[in-house]
Novice: 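Pasting a structure below so you can have a look.
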Amino acid sequence: KVVVGDQDGVITCFGIKKGEAVPVFKTLPGKKIARLELGGALNTPQEKIFVATGSEVRGFTKRGKQFLSFETNLTESIKAMHISGADLFLCASYIYNHYCDCKDQHYYLSGDKINDVLCLPVDKVNCITPVLACQDRVLRVLQGSDLLYEVEVPGPPTVLTLHNGNGGDSGEEIVYGTSDGKLGVTQITGSKPMPKWEIGNEKKRGGILCIDSFDILGDGVKELLVGRDDGVLEIYNFESADDPVLRYDHALSESIASIQGGCVGKDGYNEILASTYSGWLTGLTTEPVHREDGSGAELKLSQEMQSKISSLRNELEHLQMKVLQEREKYQQSSQSSTAVSSVPAFSVNDKFTLNKDDASYSLILEVQTAIDNVLVQSDVPIDLLDVDKNSAVVSFSSCDSEPNSNFLLATYRCQANTTRLELKIRSIEGQYGTLQAYVTPRIQPKTCQVHQYQIKPLSLHQRTHSIDPDRPMNTLTLKGQFSFAEIHSWVVFCLPEVPEKTPAGESITFYFQNTFLGTQLESTYRKGEGCFKSDNISTISILKDVLSKEATKRKINLNISYDINEESVRHTLKLIHPKLEYQQLLAKKVHLIDALRELQVHEGNVDFLLPKYRSILEEADQLLEEYKRQPAHLERLYGMITDLFIDKFKFKGTNVKTKVPLLLEILDGCDQDGLIAFFEAA
C-alpha cells in the first residue's frame, strides 16, 4: 500500500491491482501537509500514519481511522518531523521540540533554520540522540535540551536519513543530502563525528530533496535512492562499505518531493515510487517489460498493455470533456450580470541560491500548472547566463536606467507543459537592489504572481566554516550607540546566508568567502561595536559605504576607523591574475576562430598552420560554448581590478579616476608585474 499527503491536506492511501490504483481511504481537505511519517511500537511493523499540518500532528490507522490529534501550540508551522516508538521529534523554523507520549520533554533553539530532524535508533544506541540539519552548513547533535556537538558538512543540509534504513551496524551512521547537490555519510558517535564518505556534485545536478535506502537490485545490500530538485532520480549501490557508485539515473520533468522503495504493483518485483511537486506519482519497476518465454506470453503481455492504454485513453477523453464543460460553464457565469471575478490561487515553489562553482545565482521557479511566461525585472545591473536545460524563448526589452533605475527587462516564453523554469544570474558586488519575477501560468482568467529577491551589496559571498588566518587583512571597525539587533540587521542586509533572527549570546562571528575571487571576510560584532576583516579592500569599501548609509537612515552616529594593509592589494591581484589571463586568452582564441575557418575553407586543409592554431580549430565548438556561457566575464574582472585601484586610493583620500584609462591599457597587456608596479607607483 502507498500513502500520500498533499498540499490540500488530503491523505490518500491506495494499492495497485492489475495495473489500476485501488483506493483504501481518503481524508477530507484541510491545511497543507508538511510531513508524513510511518510509526508504531519499536521492533514491530511501522503501520501507523502520522502527518504534520500547521502546528498539529494527527495519527491514522492503516484503514484510515483517526486515533490521534495532538495540538503542539507551536507559534510556527511544523517544518520537520521524526517518529521513533513513543517519541515524537518536531521542528519549526528555529525551534526543536521532543515529546514522549505527547508530553513535552526537551526544547532547543537553533542558531539557524532547521531543515530536517532525525533520531538515532534507540534500540541500537540505547539513548535518545536527535540530529538537526541546519541551514548554516552544520548538523547539530543534541543530548536532552543541550547541544552535544556540531558536525560541519560541505553544503546546507536539506535531508537526513539513517544509513541502510537502520543507521548501519553501529546504528550511528546517517546520510545527509545538501541543497547544492552533495551527498555524504557521517558516523555520530557519543563524543565526536566520524565522516565516512562524501560525493560532490560533479554533474552540476539539482539539490537533494529526499533519500531512501532500499535493496532494489536484489543483491542483499540496500541501495541509496536519491531525488533531486531538478527532477533527477538516482540509485547508488555499494561495491564496498564506503564506496558508493551511481548505478542508474532517470530524469523526471519536475522536482521530486519524496522517494520510496517497495513492492506495490506486482509480487516479486520491487519498485521505486517518486512523488513530484505538482502531484504526480511515478513508479519505476524491476519487472521486465518484454517476456522471452515464447510468443504466447509476449501476446498476453501486449493485450494487457493494450487494455491499459485504451483505459488511459478513455480516462483522458473523459477528463477533456469535463474540462470543456467546466470552461463553458465558467464563460457563461463570467458573462452574466451577477458575475464576480475571482483570482485563481496557485503556489510557486521558488529557490534563489548562489552557486559556488561559477559565482552565479540560480533562480528556480516551479508551478503546479504549466507556465505561460515569466517576466524578469531588475533595478540593478545583472547578467543573465545561458542554462542548458532551459527550453524557454527569451526576449529582452530596452529599458531606461536613468529616471526609474530599471536595468533589466526580459521575458521567458515557455513551451507547452513547462512547469519548471531555471534562470542563471550574475550580479556585481557593490550594486544592490531587487530582482522581480512575474510568473504567469496557463490558467484562466490570466493571473500573475510577483516574487521578489534581494541582491545584496556583497552578493557573491558565501558562508564558510573557517578562513585562512595567514592572509594579509584589512580591518574596518565601527563603534556607536547601536544595539546587537541593529548591527545584525545591517549584516543581514549586506550579506547572504545570514540568519534573520538575532543570534543568542552577546557577540557573534561569521566567516565568508567570495565565490568569484576566493577572497575572504570575517565579521565579528556585538552591541556598540563591529569589526570586519578582509583581504580584499573593495569588500571593506563596500561595507563601509553601506553600513554608514544604513546607520544614517536610523540617525545613529558611527565612529568608523580602518586599518589598510598595503600587502593585501598585491595578494588580491595575484588571486585575480590567473583568471584574467585565462579569460583574455579565451577571448583571443574566439576572435581568431572565424578567420581560421575561412582559411580552412580556402585552403582545403590546415596542415600548414602552427599546432596552436590547429588546436583552436579543433576545439572551436567548446571554446565558443564556454565564451557564450559566461558573457561579460572579462569586463567583470576589469571592473573588479578598477574598483580595487579606486578603493585603495579612496582610503588614502586620493581620487585616481583620471588614471583609469592608463590602468585599462596595462590590463590589455596582461602583465602581472607591470600591473602590481602601476598600483604601487600611482
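Numbers here are sequence positions counted from 1.
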Novice: Between Glu581 and Lys579 (salt bridge meaning N to carboxylate O under 4.0 Å), is one present in this structure?
Specialist: no
Novice: Could you check whether Asp116 pairs with Arg35 (Lys NZ or Arg NE/NH1/NH2 to Asp/Glu carboxylate O, under 4.0 Å)?
Specialist: yes
Novice: Is it the case that the side chains of Glu366 and Ser255 hold a donor-acceptor pair, with the cut-off being a distance below 3.5 Å and no angle test?
Specialist: yes
Novice: How many angstroms lie between atom OG1 of Thr519 and atom CD1 of Ile537, to the nearest 0.5 angstrom?
Specialist: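 With rounding to 0.5 Å, OG1 (Thr519) is 12.0 Å from CD1 (Ile537).
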Novice: Determine yes or no for a side-chain-to-main-chain donor-acceptor pair under 3.5 angstrom, with Gln513 supplying the side chain and Gln520 the backbone.
Specialist: no
Novice: Judged by modelled atom types alone, do Asn373 and Thr411 share a side-chain donor-acceptor pair under 3.5 Å?
Specialist: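 No, no side-chain donor-acceptor pair sits under 3.5 Å.
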Novice: Go through the steps to decide whether Lys544 and Phe651 satisfy the test side chain to side chain contact (heavy atoms under 4.5 Å, CB included), and finish with yes or no.
Specialist: CA-CA 11 Å; Lys544 174 180 165 283; Phe651 281 108; 3.7 Å; yes
Novice: Would you confirm whether Ser483, through its side chain, and Glu486, through its main-chain N or O, come within 3.5 Å as a donor-acceptor pair?
Specialist: yes
Novice: Quick one: sort the Phe352 and Tyr453 rings into parallel, tilted or perpendicular, breaks at 30° and 60°.
Specialist: tilted
Novice: Do you know which two heavy atoms are closest between Pro499 and Asp112, and how far apart they sit?
Specialist: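 What the structure gives for the nearest pair is CB-OD1, 3.5 Å.
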Novice: If you define the side chain from C-beta out and look only at heavy atoms, does anything of Leu36 sit under 4.5 Å from Val4?
Specialist: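 No. Closest side-chain heavy atoms not under 4.5 Å.
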Novice: Do NZ/NE/NH1/NH2 and the carboxylate oxygens of Lys351 and Asp229 come within less than 4.0 Å?
Specialist: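 Here Lys351 pairs with Asp229 in a salt bridge, since their nearest N and O are under 4.0 Å apart.
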Novice: Less than 4.5 Å apart, side chain to side chain, heavy atoms only: is that true for Leu435 and Ile425?
Specialist: yes
Novice: Given Thr53 and Lys32, is the side chain to side chain contact (heavy atoms under 4.5 Å, CB included) satisfied, shown in steps?
Specialist: CA-CA 6 Å; Thr53 62; Lys32 170 186 166 181; over 6 Å; no
Novice: List the steps and the verdict of ring pair (Phe, Tyr, Trp, His ring centres under 6.0 Å) for Tyr525 and Trp490.
Specialist: CA-CA 11 Å; Tyr525 52 92; Trp490 302 339; 9.6 Å; no
Novice: Please check if the number of heavy atoms outside Lys650 that lie under 6.0 Å from its NZ is greater than 12.
Specialist: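 More than 12 heavy atoms, drawn from other residues, nucleotides or ligands, come within 6.0 Å of this atom.
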Novice: Are any of the side-chain heavy atoms of Leu423 and Leu385 separated by less than 4.5 Å?
Specialist: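 Not touching, per the 4.5 Å side-chain cut-off.
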Novice: Can you find a side-chain donor-acceptor pair between Asn474 and Ser568 that sits under 3.5 Å?
Specialist: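 Indeed, the side chains of Asn474 and Ser568 share at least one donor-acceptor pair under 3.5 Å.
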Novice: To the nearest 0.5 Å, what is the distance between CD1 on Ile564 and CZ on Phe649?
Specialist: 12.5 Å
Novice: Checking the side chain of Ser459 only, and the main-chain atoms of Ile455 only, is there a donor and an acceptor separated by less than 3.5 Å?
Specialist: no
Novice: How long is the gap from OG on Ser523 to CZ on Phe532, to the nearest 0.5 Å?
Specialist: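 Between atom OG of Ser523 and atom CZ of Phe532 there are 5.5 Å.
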Novice: Taking atom types as modelled and ignoring hydrogens, do the side chains of Thr440 and Lys446 form a donor-acceptor contact shorter than 3.5 angstrom?
Specialist: no
Novice: Report the C-alpha distance between Leu575 and Leu517 in whole Å, list the side-chain angles of each, state the deciding distance to 0.1 Å, and finish with yes or no for side chain to side chain contact (heavy atoms under 4.5 Å, CB included).
Specialist: CA-CA 7 Å; Leu575 281 178; Leu517 294 180; 5.5 Å; no
Novice: Walk me through whether Tyr361 and Ser427 qualify under side chain to side chain contact (heavy atoms under 4.5 Å, CB included).
Specialist: CA-CA 8 Å; Tyr361 275 90; Ser427 54; 4.0 Å; yes
Novice: Which heavy atom of Ile487 sits nearest a heavy atom of Gly530, and at what distance?
Specialist: CD1-CA, 3.8 Å
Novice: Under a 3.5 Å threshold, yes or no: a donor from one side chain and an acceptor from the other, between Glu500 and His488?
Specialist: no
Novice: Nearest 0.5 Å please: distance from the CG atom of Leu521 over to the CG atom of Leu543.
Specialist: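 Here the interatomic distance stands at 6.0 Å.
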Novice: Classify the side-chain pair Thr515/Gln462 by whether it contains a donor and acceptor separated by less than 3.5 Å.
Specialist: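 Distance-only check fails for Thr515 and Gln462.
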Novice: For Phe346, does its backbone N or O pair with a side-chain atom of Gln449 as donor and acceptor, under 3.5 Å?
Specialist: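 Yes, the answer is positive, given that a donor and an acceptor are paired below the 3.5 Å cut-off.
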Novice: Working to the nearest 0.5 Å, report the span between CG of Asp8 and CD1 of Ile33.
Specialist: 9.0 Å
Novice: Judged by atom type as modelled, is there a donor-acceptor pair below 3.5 Å linking the side chain of Thr572 to the main-chain atoms of Asp535?
Specialist: yes
Novice: When you measure from the side chain of Glu497 to the backbone of Arg463, do you find a donor-acceptor pair of N or O atoms at a distance under 3.5 Å?
Specialist: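 Flag set: sc Glu497 to bb Arg463 pair under 3.5 Å.
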Novice: Tell me yes or no: between the side chains of Ser391 and Tyr412, is some donor less than 3.5 Å from an acceptor?
Specialist: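 Distance-only check fails for Ser391 and Tyr412.
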Novice: Which atom names give the shortest non-hydrogen contact between Pro496 and Lys456, and what distance separates them?
Specialist: N-CD, 3.9 Å
Novice: Does a donor on one side chain and an acceptor on the other come within less than 3.5 Å for Ser534 and Asn536?
Specialist: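 There is no such pair between these side chains.
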Novice: Would you check if the side chain of Lys182 reaches a backbone N or O of Gly155 as a donor-acceptor pair within less than 3.5 Å?
Specialist: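 Here the side-chain-to-backbone pair does not exist.
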Novice: Using the ring of each side chain (for Trp, its six-membered ring), is Phe493 parallel, tilted or perpendicular to Tyr432, with breaks at 30° and 60°?
Specialist: perpendicular
Novice: Output yes when Asp383 and Arg636 qualify as a salt bridge under the 4.0 Å nitrogen-oxygen rule, no when they do not.
Specialist: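 Looking at Arg636 together with Asp383, the answer is yes, because their closest N to O distance falls below 4.0 Å.
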Novice: Any side-chain heavy atom of Lys204 within less than 4.5 Å of one from Asp357?
Specialist: yes
Novice: Can you confirm whether Lys356 is buried at NZ, in the sense that more than 12 heavy atoms of other residues, nucleotides or ligands lie under 6.0 Å from that atom?
Specialist: no
Novice: Under a 3.5 Å distance rule, please check whether His465 uses its side chain to pair with a backbone N or O of Val153 as donor and acceptor.
Specialist: yes
Novice: Taking atom types as modelled and ignoring hydrogens, do the side chains of Asn115 and Thr158 form a donor-acceptor contact shorter than 3.5 angstrom?
Specialist: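 The criterion, which ignores hydrogens and geometry beyond distance, is not satisfied for Thr158 and Asn115.
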Novice: Hey, are Thr434 and Gln452 close enough side-chain-wise for a donor-acceptor pair under 3.5 Å?
Specialist: no
Novice: Answer yes if the side chains of Gln436 and Gln377 hold a donor-acceptor pair under 3.5 Å, and no otherwise.
Specialist: yes
Novice: Kindly say whether Val10 contributes a backbone atom to a donor-acceptor pair with the side chain of Asp6 at under 3.5 angstrom?
Specialist: yes
Novice: Please determine if Asp249 and Arg228 form a salt bridge, counting it only when a charged side-chain N lies under 4.0 Å from a carboxylate O.
Specialist: no
Novice: Side chains of Trp280 and Glu254: closer than 4.5 Å at any heavy-atom pair?
Specialist: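 The answer is yes, as the side chains (C-beta and beyond) meet within the 4.5 Å cut-off.
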Novice: Roughly how far, to the nearest 0.5 Å, is CG of Leu183 from CD1 of Ile211?
Specialist: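 Output value for this atom pair is 5.0 Å.
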Novice: Knowing that exactly one of Leu363, Asp358, Leu384 qualifies, which makes a side-chain contact (heavy atoms from CB on, under 4.5 Å) with Lys424?
Specialist: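 Answer after filtering Leu363, Asp358, Leu384: Asp358.
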Novice: Which heavy-atom pair separates Leu233 from Ala274 by the least distance, and what is that distance?
Specialist: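 Heavy atoms only, the tightest pair is CD1-CB, 3.9 Å.
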Novice: Closest heavy-atom contact between Val374 and Ile371?
Specialist: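 Closest pair (atom of Val374, atom of Ile371, distance): CG2-CG2, 3.8 Å.
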Novice: Can you find a pair of side-chain heavy atoms, one from Val367 and one from Asn349, that are under 4.5 Å apart?
Specialist: no
Novice: Please give me the minimum heavy-atom distance between Gly111 and Tyr94, naming the atom from each residue.
Specialist: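 Minimum heavy-atom separation between Gly111 and Tyr94: O-CE2, 4.3 Å.
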Novice: Does Asn201 use its side chain to pair, donor to acceptor, with the backbone of Asp180 at less than 3.5 Å?
Specialist: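 It does hold such a pair.
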Novice: Do Phe510 and Val498 have side chains that approach each other closer than 4.5 Å (heavy atoms only, starting at C-beta)?
Specialist: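 Yes. Closest side-chain heavy atoms under 4.5 Å.
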Novice: For Arg442, is there an ion pair with Asp372 - N to carboxylate O distance below 4.0 angstrom?
Specialist: yes
Novice: Does some side-chain heavy atom of Tyr277 sit less than 4.5 Å from a side-chain heavy atom of Arg420?
Specialist: no
